[in-house]
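Structure first, commentary second.
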Amino acid sequence: MTLSIRNQLPGTVTEVHFGEVMATVKLRLTGGQDLTAVITLEAARDLALSEGATVRALVKSTEVSLATAPVHRVSIRNQLPGTVTQVATGGAMATVRIGIEGGRLTSAITQESAADLDLAEGTPVIALIKSTEVALATA
């Protein structure tokens, strides 16, 4: 299946916590980073998720926020360090490609934000992704 979602990160499930309606799934990405996804209980069961399962974390580029320094005391669980590899700006939006350990991410942010952060090739960044914005897929 081909998807329009640019960010498809392979990983392995390390923990699954089942709640009454939602499940919290912790992954270890192939680059060694930890990532948390919160998905519906029904989806977790349909995917037969358990420790050791191989998955792909899917994140729309519009759901990847950027910071130029680590962010502390914030509710966003997923903070992936990386380096900007490309910035393409348009009238309103900018597409920022980020190299992370073991892969890459794409972030779509406003052109104004890209300018305020002074983003350019080589800029170190932290990609911020809410756990509720991470979808999971199995092979």
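Just so it is clear, the values below take in all heavy atoms, side chains as well, and ignore hydrogens, waters and symmetry mates.
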* What's the verdict on side chain to side chain contact (heavy atoms under 4.5 Å, CB included) for Thr68 and Ile126, showing C-alpha distance, side-chain angles and the deciding distance? -> CA-CA 6 Å; Thr68 55; Ile126 307 294; over 6 Å; no

Nearest-0.5 Å distance that lies between atom [atom1] in [X] and atom [atom2] in [Y]:
X: Glu133; Y: Lys60; atom1: CD; atom2: NZ; answer: 8.5 Å
X: Leu29; Y: Arg56; atom1: CG; atom2: CZ; answer: 11.0 Å
X: Met22; Y: Thr40; atom1: CE; atom2: OG1; answer: 6.0 Å
X: Thr83; Y: Ile98; atom1: OG1; atom2: CD1; answer: 9.5 Å
X: Arg77; Y: Thr24; atom1: CZ; atom2: OG1; answer: 10.5 Å
X: Ser65; Y: Ile129; atom1: OG; atom2: CD1; answer: 9.0 Å

* Asked: Is there a side chain to side chain contact (heavy atoms under 4.5 Å, CB included) between Leu58 and Leu3 once you walk through the steps?
  -> CA-CA 10 Å; Leu58 309 172; Leu3 299 173; 3.9 Å; yes

Are side-chain heavy atoms of [X] and [Y] found at a separation under 4.5 Å?
X: Gln79; Y: Val74; result: yes
X: Thr138; Y: Thr54; result: no
X: Pro70; Y: His72; result: yes
X: Gln111; Y: Met93; result: no
X: Leu105; Y: Arg97; result: no
X: Ile39; Y: Val25; result: yes
X: Thr95; Y: Thr89; result: no

* Does a sphere of radius 6.0 Å around CD in Glu101 hold more than 12 heavy atoms from other residues, nucleotides or ligands, not counting ones at 6.0 Å or beyond? ->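 Atom CD in Glu101 is not packed in, count stays at 12 or less.
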
Examine [X] and [Y] and state if one hydrophobic cluster contains both, with Ile, Leu, Val, Met, Phe, Trp and Tyr joined whenever side-chain heavy atoms are less than 4.5 Å apart.
X: Ile76; Y: Val64; answer: no
X: Val84; Y: Val71; answer: no
X: Leu128; Y: Val96; answer: no
X: Leu35; Y: Val16; answer: yes

Which atom of [X] lies closest to which atom of [Y], heavy atoms considered:
X: Ala57; Y: Val134; result: CB-CG1, 3.8 Å
X: Ser107; Y: Leu66; result: OG-CG, 3.7 Å
X: Leu41; Y: Glu20; result: CD2-O, 3.4 Å

* To do: Answer yes when Lys26 and Asp34 have at least one side-chain N-carboxylate O distance shorter than 4.0 Å, and no when they do not.
  => no

* Asked: Could you go step by step and tell me if Leu136 and Leu47 meet the side chain to side chain contact (heavy atoms under 4.5 Å, CB included) rule?
  -> CA-CA 9 Å; Leu136 298 177; Leu47 294 170; 4.2 Å; yes

* To do: Check the pair Leu9, Leu27 against side chain to side chain contact (heavy atoms under 4.5 Å, CB included), reporting the backbone distance first and the verdict last.
  => CA-CA 10 Å; Leu9 305 169; Leu27 318 171; over 6 Å; no

